[in-house]
Structure formats: structure tokens, C-alpha cells
Amino acid sequence: MKKFRIAIAGGGSTFTPGIVSMLLVNYDRLPISEIKLYDNYEERQSSIGKACKIMLRERHPEVEFSYTTDPEQAFSNVDFVMAHIRVGLYAMREQDEKIPLSHGVVGQETCGPGGIAYGMRSIAGVIEILDYMEEYSPDAWMLNYSNPAAIVAEATRRLRPHSNIINICDMPVSIENTFAGILGLESRKELVVRYFGLNHFGWWTSITDKSGKDLMPQLKEWVSEHGYESNTEDFQHRAPSWKETFRKVKDVYSVVPDMLPNTYLKYYLYPDYVVEHSDKDYTRANEVMNSREKEVFTTAEKIVASDTAEGYEFHSGAHASFIIDLASAIAYNTKERMLLIVPNNGAIINFPANAMVEIPCLVGSDGPEPLVMGEIPTFQKGMMEEQVAVEKLVVDAWVEGSYQKLWQAFTLSATVPSAGVAKEVLDDLIEANKDFWPVLR
Ligand code: NAD
Ligand code: G6P
Ligand code: MN
């Protein structure tokens with residue numbers, strides 16, 4: 001049986017140890033012969049790399065393991081590149097959140113001006129990794145969940161249209177876990193769903209069990225009262241701020257009560273509420289730096305100091321299992337049904353062919369085969385058209401170095417109240433991002 005070789009780009013990510021653990025746990029499902037970590041920040045990656053090395057030595061000594069900052073070494077002879085880079089690190093996420101908030105605008109990692117700023121940083125980093133992969137392992141697949149996935153996906157569609165890259169998100173997976181919990185089912189895999197939208201911007205239109213039984217009525221009844229608050233365990237979204245987002249779904253749902261929404265729609269439908277309930281001096285970036293980032297690096301240090309990983313566990317979120325499902329679907333041509341970010345090409349009939357949309361696809365060794373989701377209603381279509389235009393303008397601005405297009409992108413975002421405010425936020429973000437963004441004229 002073939003064993004697969006995997007490079008993880010963003011080796012120093014807080015999610016890397018969870019993914020490595022998950023790869024080991026799923027070894028029987030997806031046998032691997034090698035894992036290589038790659039990062040451009042040597043010190044950060046080596047803290048994680050040293051701990052992973054010990055974990056592998058103890059749990060699967062036959063799997064070769066290395067970590068490097070040399071692209072040729074990292075990307076040669078691999079089958080999959082799992083990428084989760086954060087260009088600018090948490091220090092810049094903090095700016096993405098705090099600068100808009102200082103102007104009374106939503107400050108969020110992937111939505112609104114903060115997400116746009118992050119997109120302007122991520123494009124070059126993701127393209128660079130894709131190019132390394134194609135140079136050193138031309139047949140490999142890149143499974144990318146570097147954010148903001150919507151903008152990154154539009155950029156790779158436009159700039160590398162023939163590349164083997166699939167952009168993914170774990171939010172629908174986490175929400176479907178919640179659905180399963182609410183319904184008292186063992187696993188989200190018992191659900192068959194129809195969903196349409198953009199990344200961090202979509203709706204479930206149908207949820208049934210494998211026999212075709214409609215589960216929407218029961219879910220809607222729950223959501224109309226509790227939003228997505230439930231007792232379902234969700235390690236990744238356990239922080240109080242995430243719990244609040246899950247609760248707020250009650251109000252998000254009330255706007256389109258015939259469908260079930262993605263949690264992220266809160267930022268577009270209730271931006272005023274979000275700003276009022278944000279602490280402009282202590283945002284999610286601060287929360288993560290003081291929790292997940294500290295915990296992961298402290299655990300790694302302890303493993304290295306005691307030279308054993310026994311008794312230590314790295315949690316792996318929904319995206320770790322999702323990415324292994326995706327790699328297995330490609331490796332074994334399983335045609336598993338998964339929500340992915342792909343070019344629309346007619347899947348949503350009344351939406352542009354060249355928009356990157358998030359929809360169910362069957363995944364096999366040739367990649368994703370999107371399923372037709374049909375026509376969508378006027379309200380959702382209007383929201384999506386506005387947002388997809390924002391994402392396209394960001395990529396235009398990045399490619400052309402255009403201040404005007406980026407200002408238009410900010411102005412068009414449903415999170416921003418006016419062109420004037422858009423300009424103020426943009427000018428501050430340009431200053432903060434001068435080491436990362438192309439020069440805008
Ligand atoms: P992190 O800052 O802990 O890790 C990111 C790593 O990327 C860092 O070690 C950094 O040095 C490295 N990096 C930055 N630029 C690089 C480049 N050009 N080349 C190589 N390495 C580079 O961040 P994190 O919180 O662990 O998140 C990692 C990424 O995963 C983020 O983009 C985050 O938004 C994303 N994410 C996405 C989903 C999803 O649903 N798509 C889910 C979880 C996390
Ligand atoms: C969800 C989203 C990811 C996002 C993450 C942020 O899982 O799907 O795209 O990166 O949340 O979580 P954090 O804990 O970093 O705020
Ligand atoms: Mn996501």
C-alpha cells in the first residue's frame with residue numbers, strides 16, 4: 001500500500017501539533033511515510049518541530065520527520081502540502097482587529113477591513129508556497145486553509161488557475177458537529193447537507209439523514225430559541241467570545257428563517273451590535289495569544305524539557321480531521337461529499353461563473369466535482385454579490401497596486417458605513433501594513 005509524504009507549511013502554527021497528532025491517529029486510514037514542516041520563521045517552528053519529533057519517535061518511529069526553512073528540502077517528493085500560514089503573525093492580527101475598531105468598525109480576522117488587510121498580506125505568502133510545491137513536487141496537492149480563505153481562493157483562481165490547490169474552511173464542519181449534537185446523532189457524517197455561499201458567508205438549505213429524513217424542522221426549532229448554543233463539545237470554539245457568536249446565530253437566523261446560517265454572517269448583518277460588544281483594547285488576537293498560543297508553545301517546551309510526549313496531548317480541531325478526510329478522498333478517489341471553496345461555474349445558477357463559492361463537492365483523485373445548488377433567493381444573492389465584489393476588488397488592488405480599488409473594496413463591505421470611514425480605516429491599515437502590502441498608488 002502506498003504511503004504518503006506530507007509537507008505542512010506554517011510549521012510553527014498553533015495548529016501544527018494537532019494536525020501531526022491527527023495524522024498519526026489516522027495512520028491506518030491514510031498511511032504516511034514522511035512528515036516535513038516548513039516555515040519562514042526558524043525559531044518559532046523549531047519549538048514545535050522539536051516536540052513533534054519526540055511525539056513521532058514515541059508513537060510512529062517509522063514515519064520520517066524533519067523541519068526546515070529550506071523550500072527545496074520541504075517541498076521535494078511530497079504528495080500533499082497542508083498549508084496554514086499567518087503572514088504577519090498575531091501581532092498583525094491584533095492590528096487588523098484594533099484599527100477598524102478604533103474607527104467604530106468591525107475588527108475581525110477574516111471579515112470587513114481586518115480580513116481585507118489580512119488578505120493583502122496572505123496572497124503573496126500562499127502563492128509562494130504554491131509555486132514551491134509546483135517546482136519541487138508538480139503532482140502534489142495543496143490543501144490550503146490559510147486565511148482569509150475567500151480572498152486567498154480568489155487570488156489563486158486568478159493568478160494560478162491550473163494549480164492543484166483546494167481552499168477549505170472548518171467552520172461548516174464545526175457547525176455540522178453542533179447540528180449532530182443538537183439532533184443527538186453520533187457524528188456529522190450522518191448528515192447529508194446542501195449549502196451555498198462564499199467562505200465565512202453562507203447558508204444550509206437542506207439537512208437530512210442518510211435515509212432522506214428532513215432534519216431541518218428540528219434544527220430550526222432549536223436555533224430559533226438558542227442559536228447554535230448547545231452542549232456539543234467544540235474545543236476550537238470554546239472561548240466565551242465564540243460562545244457569544246454561536247448564541248448570536250439566533251438573530252442571524254431570524255433574518256432568513258428558511259435556512260441555517262454560517263456564524264460569520266453576524267459581522268455583515270449586525271455590524272453595529274458587534275462593534276458595541278467589542279473591547280477595542282482587548283480583541284480575539286489578545287485572547288488567542290494568551291490562550292491557544294501560550295498553551296501550545298508551553299506544552300511543546302515541556303515535551304522537549306522532559307524528552308517525552310507521554311501525558312501530553314495537543315488538541316486537534318475540526319479542521320484537522322477535515323483535512324485528513326480531504327487528503328484521503330484525493331488519495332483513494334472516494335468521492336466523499338465535502339464543502340469546499342471552488343469556482344462557481346454554474347453550480348449556483350444565478351451567480352457569476354467566476355466567483356469562488358463554498359458548496360458541496362464530490363472529491364476524488366482529480367479534485368473536487370462541484371454539485372449544482374440551483375437558484376438562490378434575492379436577499380442572499382444581493383449580499384453575496386456585494387461581498388464577492390469586495391473580494392475581487394481586493395485581488396485587483398493587490399495585482400494592480402491600486403489604492404482606488406482597495407478603497408472601493410472597503411467602501412463596499414457591508415461592515416463599513418461610508419466611503420469616508422472606509423478611507424480613514426484604509427489609510428491607517430496602509431501605514432500598519434507597509435512591510436507586507438504592495439505599494440498602492
Ligand atoms: P500562527 O501564527 O500560530 O502560525 C502561522 C505560521 O505561519 C507561523 O509560524 C508563521 O511563521 C508562518 N508563516 C507566516 N508567513 C509564512 C510564509 N510566507 N511562509 C511560511 N510560513 C509562514 O497562526 P495560527 O493561529 O496557527 O493559524 C494559522 C493559519 O490557519 C491562519 O491563517 C488561520 O487563519 C488559519 N486557520 C484557518 C482555518 C479555516 O477554517 N480555514 C481554521 C483554523 C485556522
Ligand atoms: C473558525 C474559522 C477559521 C478561523 C478560526 C479562528 O474555525 O473557520 O477560519 O481561523 O475560526 O479561530 P480563532 O480561535 O483563531 O479566533
Ligand atoms: Mn474558516
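Only heavy atoms go into these numbers, but all of them, side chains included; no hydrogens, no water, no symmetry mates. One-based numbering, in listed order, for ligands and for the atoms of each.
If you look at Ala149 next to ligand 1, there are no close heavy atoms at all, none under 4.0 Å. Residue-level proximity to ligand 1 for Glu293 is absent, since no heavy atom of it falls below 4.0 angstrom. Neither the backbone nor the side chain of Tyr132 comes within 4.0 Å of ligand 1, counting heavy atoms alone. Counting heavy atoms under 4.0 Å from ligand 2, residue Met171 touches it through both backbone and side chain. With a heavy-atom cut-off of 4.0 Å, His84 touches ligand 1 through backbone and side chain alike. No part of Val288 comes within 4.0 Å of ligand 1, judged by heavy-atom distances. Contact annotation for Gln45 and ligand 1: no heavy atom of the residue comes within less than 4.0 Å of the ligand. Only the side chain of Trp242 comes within 4.0 Å of ligand 2, counting heavy atoms alone; its backbone N, CA, C and O stay farther away.
Each of the following atoms of ligand 2 lies closer than 4.0 Å to a heavy atom of Glu109: 4 (C), 6 (C), 10 (O). Here is the list of ligand 2 atoms found below 4.0 Å of a heavy atom in Arg292: 13 (P), 14 (O), 15 (O). The distance from ligand 2 to the heavy atoms of Cys169 drops below 4.0 Å at these ligand atoms: 8 (O). Heavy-atom contacts of Tyr41 reach the following atoms of ligand 1: 11 (O) (cutoff under 4.0 Å). Close contacts of ligand 1 with Ser146, meaning ligand atoms under 4.0 Å from a residue heavy atom, involve 32 (O). Heavy-atom contacts of Arg93 reach the following atoms of ligand 2: 13 (P), 15 (O), 16 (O) (cutoff under 4.0 Å). Heavy-atom contacts of Cys169 reach the following atoms of ligand 1: 39 (C), 40 (O), 41 (N) (cutoff under 4.0 Å). For ligand 1, the atoms closer than 4.0 angstrom to any heavy atom of Arg292 are 25 (O). Which parts of ligand 1 touch Phe15 is read off a 4.0 Å heavy-atom cut-off, strictly below it: atoms 24 (P), 25 (O), 26 (O), 27 (O), 43 (C), 44 (C). Ligand-side atoms of ligand 2 in range of Arg284: 13 (P), 14 (O), 16 (O), range being under 4.0 angstrom from any heavy atom. Atom numbering of ligand 2 starts at 1 in the shown order; those under 4.0 Å from a heavy atom of Asp170 are 1 (C), 2 (C), 3 (C), 7 (O), 8 (O). Annotation for ligand 2: atoms under 4.0 Å from non-hydrogen atoms of Gln236 are 7 (O). Which parts of ligand 1 touch Leu89 is read off a 4.0 Å heavy-atom cut-off, strictly below it: atoms 2 (O), 8 (C), 10 (C), 11 (O).
Looking at atom 36 (N) of ligand 1, its nearest protein heavy atom turns out to be Tyr145 O, 3.5 Å. For atom 2 (C) of ligand 2, the closest non-hydrogen atom of the protein is Tyr264 OH, 3.2 Å. With respect to atom 42 (C) of ligand 1, the closest heavy atom belonging to the protein is Asp170 OD2, 3.4 Å. Residue, atom and distance of the protein heavy atom nearest to atom 32 (O) of ligand 1 are Tyr118 OH, 2.5 Å. Counting only heavy atoms of the protein, atom 9 (O) of ligand 2 lies nearest to Asn147 ND2, 2.8 Å. Looking from atom 25 (O) of ligand 1 to the surrounding protein, the closest heavy atom is Tyr90 OH, 2.3 Å. Protein heavy atom nearest atom 6 (C) of ligand 1, with residue, atom name and distance: Asp39 OD2, 3.7 Å. The protein non-hydrogen atom at the shortest distance from atom 1 (P) of ligand 1 is Arg44 NH2, 3.6 Å. From the protein, the heavy atom lying nearest to atom 27 (O) of ligand 1 is Arg86 NH2, 3.5 Å. In terms of protein heavy-atom proximity, atom 13 (N) of ligand 1 is nearest to Asn40 OD1, 3.7 Å.
Ion pairing between Glu369 and Lys335 holds under the 4.0 Å rule for side-chain N and carboxylate O. Taking a cutoff of 4.0 Å between a charged side-chain nitrogen and a carboxylate oxygen, Glu72 and Lys36 do not qualify as a salt bridge. The pair Glu313-Arg59 meets the salt-bridge criterion, since a charged nitrogen lies less than 4.0 angstrom from a carboxylate oxygen. With respect to Asp325 and Lys189, a salt bridge is recorded, a charged nitrogen being found less than 4.0 Å from a carboxylate O. Electrostatic pairing of Glu154 and Lys392 counts as a salt bridge here, judged by a charged N lying under 4.0 Å from a carboxylate O. Remark: Lys266 does not engage Asp251 in a salt bridge, criterion side-chain N to carboxylate O under 4.0 Å.
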Check your understanding: Asp96 and Arg121: salt bridge (Lys or Arg N to Asp or Glu O under 4.0 Å), yes or no, with the steps?
Key -> CA-CA 11 Å; Asp96 294 343; Arg121 293 197 302 276; 2.7 Å; yes
Practice item. May I have the step-by-step check of salt bridge (Lys or Arg N to Asp or Glu O under 4.0 Å) for Glu293 and Arg44, ending in yes or no? Key: CA-CA 11 Å; Glu293 195 183 37; Arg44 184 178 176 92; 2.8 Å; yes
Practice item. Kindly indicate, with the supporting measurements, whether the criterion side-chain hydrogen bond (donor to acceptor under 3.5 Å, both in side chains) is fulfilled by Ser174 and Gln236. Key: CA-CA 8 Å; Ser174 295; Gln236 199 169 325; 5.2 Å; no
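Listed by first and then second residue, the ring pair (Phe, Tyr, Trp, His ring centres under 6.0 Å) pairs involving residues 148-173 amount to none (not counting sequence neighbours).
A 6.0 Å sphere centred on CD of Glu58 holds more than 12 heavy atoms belonging to other residues, nucleotides or ligands. Heavy atoms from other residues, nucleotides or ligands lying under 6.0 Å from NZ of Lys220 number more than 12. Residue Asn231 qualifies as open at atom CG: its count of foreign heavy atoms under 6.0 Å is 12 or below. Environment of NZ in Lys302: sparse, with no more than 12 heavy atoms of neighbouring residues, nucleotides or ligands closer than 6.0 Å.
In this structure, Ser137 contributes its side chain and Met133 its backbone to no donor-acceptor pair below 3.5 Å.
Taking the six-membered ring for Trp and thresholds of 30 and 60 degrees, Tyr27 and His60 have nearly parallel ring planes, at less than 30 degrees apart. A tilted orientation is assigned to the rings of Tyr264 and Tyr267, their planes being inclined by 30° to 60°. Taking the six-membered ring where the residue is Trp, Phe4 and Phe80 present tilted rings, their angle falling between 30° and 60°. Under the 30°/60° scheme for interplanar angles, the aromatic rings of Tyr67 and Phe65 are found to be tilted.
At least one heavy atom of Glu109 sits less than 4.0 Å from an atom of ligand 1. For Glu287, the closest heavy-atom approach to ligand 2 does not fall below 4.0 Å. Look at Ile168 and you'll find a heavy atom under 4.0 Å from some atom of ligand 1.
Residues Trp203 and Tyr195 keep their aromatic ring centres 6.0 Å or farther apart. Between Tyr228 and Phe179, the distance separating the two ring centers is shorter than 6.0 angstrom. Close placement of the Phe201 and Tyr268 rings is indicated, their centers lying within 6.0 Å of each other.
In terms of N/O distances under 3.5 Å, ligand 2 is not approached by Thr110.
Only protein N, O or S atoms were scored, and 2 of them lie under 2.8 Å from the Mn ion (ligand 3).
In this structure, Ser33 OG and Glu64 CD are separated by 7.0 Å, a value rounded to the nearest 0.5 Å.
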